[in-house]
Amino acid sequence: MENKSTAGRVEKLLENIATLLEIKGEDHFRINAYRNAAENISLSGLDIKKLAEEDRLDEISGIGEAISEKIREYVTTGRLKYYEDLINEVPESLLDLTEVPGLGPKRVKALWKELDIKDIQSLDSAVEEGSIQKLDGFGPKLQEKIRENLRKRPGKEVPKRQLLHHAWSIADLIIDRLGKNNAVKKISAAGSLRRMKETIGDVDILVASEEPGKVTEDFLSLEEMDQIIMKGSTRTSIRFYNGIQADLRIVPPESWGTALQYFTGSQEHNVKMRELALKKGQSLNEYSLIRQKAGEKLFFSEEKKLYEHLGLQYIPPELRQNGSEILQASRGELPVLVEMGHIRGDLQCHTDWSDGQNTLQSMAEAAANSGLEYLLITDHSFGLGVAKGLSGTELKNQATRIDELNEKYEGKFRLLKGVEVEIKADGSLDLREEILSELDIVVAAVHSSLGQGRGKITERLLKAVENPLVHVIAHPTGRFLNSREEADVDWDALFTAAAENGTLLEINANPRRLDLPDRLIRRALKLGCRFVISTDAHSSEELDYMRFGVGMARRGGLSSKEIVNTESVDSLMSILKK
DNA sequence: GCCGTTTTCGGCCCGACTGTTTTCAGTCG
């Protein structure tokens with residue numbers, strides 16, 4: 001739990017409470033309330049500490065009096081009496097056991113009560129002794145499955161959640177392969193992948209077919225497959241050699257609309273959709289919508305018609321989050337989201353002048369070929385020694401070369417002069433003003449001392465935001481998914497200053513970063529900020545990362561008008577602060 | 001434990017698959 005933001009720690013605490021109550025055998029609606037609260041905190045992007053101090057936690061839906069009180073106690077004292085009492089009763093180490101696939105709360109409780117198994121080590125030795133198969137409801141197959149799963153616990157060689165581009169490459173491969181099968185009428189990615197979540201638990205693929213057996217057979221013959229996890233007539237799970245798990249679900253073609261909606265999730269979105277249907281006297285499942293009185297089944301050829309039928313605007317997958325979007329859709333208040341086709345330029349990339357792989361020319365050509373009208377070159381400044389950063393003189397030489405190339409492109413494409421300048425530990429920049437003022441666009445970034453305390457790093461970023469020479473703050477949180485935590489920053493203060501100063505916030509599309517994260521995009525949008533989506537490409541191939549940045553922007557609810565690289569180059573230059 | 005243009009009390013989604021079963025509980029999404 002250490003080394004996380006307050007919100008992160010509170011979320012973990014609430015989730016732990018939920019799981020421990022579940023093992024205890026508490027009412028599952030109460031348990032759900034804790035999970036729901038944790039999820040909504042995460043999605044809100046709000047500063048939990050500040051909210052707790054100002055007694056405004058109930059502004060987050062799903063947080064009522066009881067949970068609010070617990071969060072306040074935890075935030076102000078660093079402890080929670082209720083939790084301490086709870087783990088006295090139900091050992092905290094049982095939480096690890098519920099992480100083992102096949103072990104849910106009921107089985108963990110049985111292991112604990114019957115065999116005094118409290119942690120992974122004691123589970124491991126019980127499995128080796130063969131004692132757990134004797135328990136009621138357990139058997140040799142389950143014991144063997146647990147042994148298997150203990151051996152390849154995630155977090156070691158296989159990260160728990162996959163990065164978006166890895167998951168998509170598997171999905172594209174499956175869709176391409178199965179798409180050639182005549183038995184497949186329709187096929188689509190679903191789940192968190194389709195919702196463009198920053199990391200993916202497993203790859204979900206939905207198929208419409210009248211011959212599920214043929215499709216399943218094809219799926220199981222993929223040569224990249226390592227292992228069959230589960231195989232049924234309409235649902236199959238496999239694991240690939242690279243550790244990624246893929247689930248295939250097959251439904252009859254007439255169920256396509258309801259099935260794609262259901263299989264895309266999120267879980268919470270589906271719960272709210274089904275509740276809404278029930279209020280209208282209809283029951284929704286993945287096959288159809290059933291009018292309860294008449295028993296009549298309604299089928300939908302596409303998702304859009306299902307949403308319409310329920311009186312909603314179509315909700316794009318990226319917005320299907322905690323159910324609050326359903327209320328928005330019922331009022332016709334959903335934003336019109338930015339699309340890939342809106343993007344006209346890329347505002348961060350690197351060349352072989354610093355740590356990139358390709359030349360200025362080949363980056364420009366790749367960008368032009370992918371339909372972009374302009375590309376901002378942002379090699380590192382010299383402060384970032386590991387990345388062969390450029391000095392002022394080198395930047396001037398690069399500018400000459402850029403002018404030459406632009407002349408050649410005759411206005412059909414334009415390279416813009418920029419830099420990714422280092423924000424030093426004291427908030428100053430490592431290039432002089434006369435150098436920076438010569439450039440078209442200045443992108444500033446923090447790469448070191450990200451672990452500074454909240455006060456220090458906030459001040460440092462604020463200084464950059466308020467600097468009239470800085471147009472864009474790159475990858476603001478500095479996180480690396482699965483490996484480096486976000487910096488602990490007072491985001492509200494930073495976003496407010498960015499909005500006031502006209503400094504743009506980057507949505508870095510590199511799938512290892514995806515920074516800003518969507519919850520902070522939502523918050524920044526509310527505070528009036530504008531954005532750029534940039535690939536930070538270090539090779540011409542990486543210019544294709546744009547789709548992931550657009551996905552993140554869509555999850556954050558952004559329209560093209562809030563993203564400046566949807567503008568033509570002239571219009572872009574006129575928007576920039578002087 | 002939360003929530004309310006049907007409710008401040010009485011609701012709170014729904015189905016597939018597995019492994020244990022003699023008709024179903026547990027897990028998962």
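- Side-chain N/O atoms of A:Arg30 include one lying less than 4.0 angstrom from OP1 or OP2 on B:dG1.
- Under a 4.0 Å N-O distance rule, the pair A:Asp492/A:Arg523 qualifies as a salt bridge.
- Considering only side-chain N and O atoms, A:Tyr287 lies under 4.0 angstrom from the phosphate OP1 or OP2 of B:dA16.
- Across all strands, A:Ile31 comes closer than 4.0 Å to no nucleic acid atom at all (heavy-atom distances).
- Contacts of residues 303-332 of chain A with DNA chain B (heavy atom under 4.0 Å): none.
- A:Arg554 contributes a side-chain N or O that, together with a main-chain N or O of A:Val338, makes up a donor-acceptor pair within less than 3.5 Å.
- If you check every strand for non-hydrogen atoms under 4.0 Å, A:Lys70 touches sugar and phosphate atoms only.
- For B:dC14, one of the phosphate oxygens OP1 or OP2 lies less than 4.0 angstrom from a side-chain nitrogen or oxygen of A:Ser283.
- In this entry B:dC2 has B:dG11 as its Watson-Crick or G-U wobble partner, both defining distances falling under 3.5 Å.
- The shortest distance between the side-chain N/O atoms of A:Asn285 and the OP1/OP2 oxygens of B:dG15 is below 4.0 Å.
- Within 4.0 Å of A:Gly191, counting heavy atoms only, lies no atom of the nucleic acid at all.
- We find that A:Asp518 and A:Arg195 are not joined by a salt bridge, their nearest charged nitrogen and carboxylate oxygen being 4.0 Å or further apart.
- Look at the C1' atom in both B:dA16 and B:dC9: the space between them is 35 Å, to the nearest Å.
- With no hydrogens or angles considered, no side-chain donor-acceptor pair links A:Asp202 and A:Gln162 at under 3.5 Å.
- Using a 30° and 60° split on the angle between ring planes, A:Phe548 and A:His165 fall in the perpendicular class, above 60°.
- Ionic pairing of A:Lys272 and A:Glu268 is present here: one or more N-O contacts between side-chain nitrogen and carboxylate oxygen are shorter than 4.0 angstrom.
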* In B/S/- notation, 5' to 3', how is nucleotides 19-24 of chain B contacted by protein heavy atoms closer than 4.0 Å? -> SS----
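- The existence of a salt bridge linking A:Arg72 and A:Glu69 is confirmed by a sub-4.0 Å separation between a basic side-chain nitrogen and an acidic carboxylate oxygen.
- Not one side-chain nitrogen or oxygen of A:Thr236 sits closer than 4.0 Å to the OP1 or OP2 atom of B:dA16.
- Side-chain contact of A:Asp515 with A:Thr477: a donor-acceptor pair under 3.5 Å is present, judged by distance alone.
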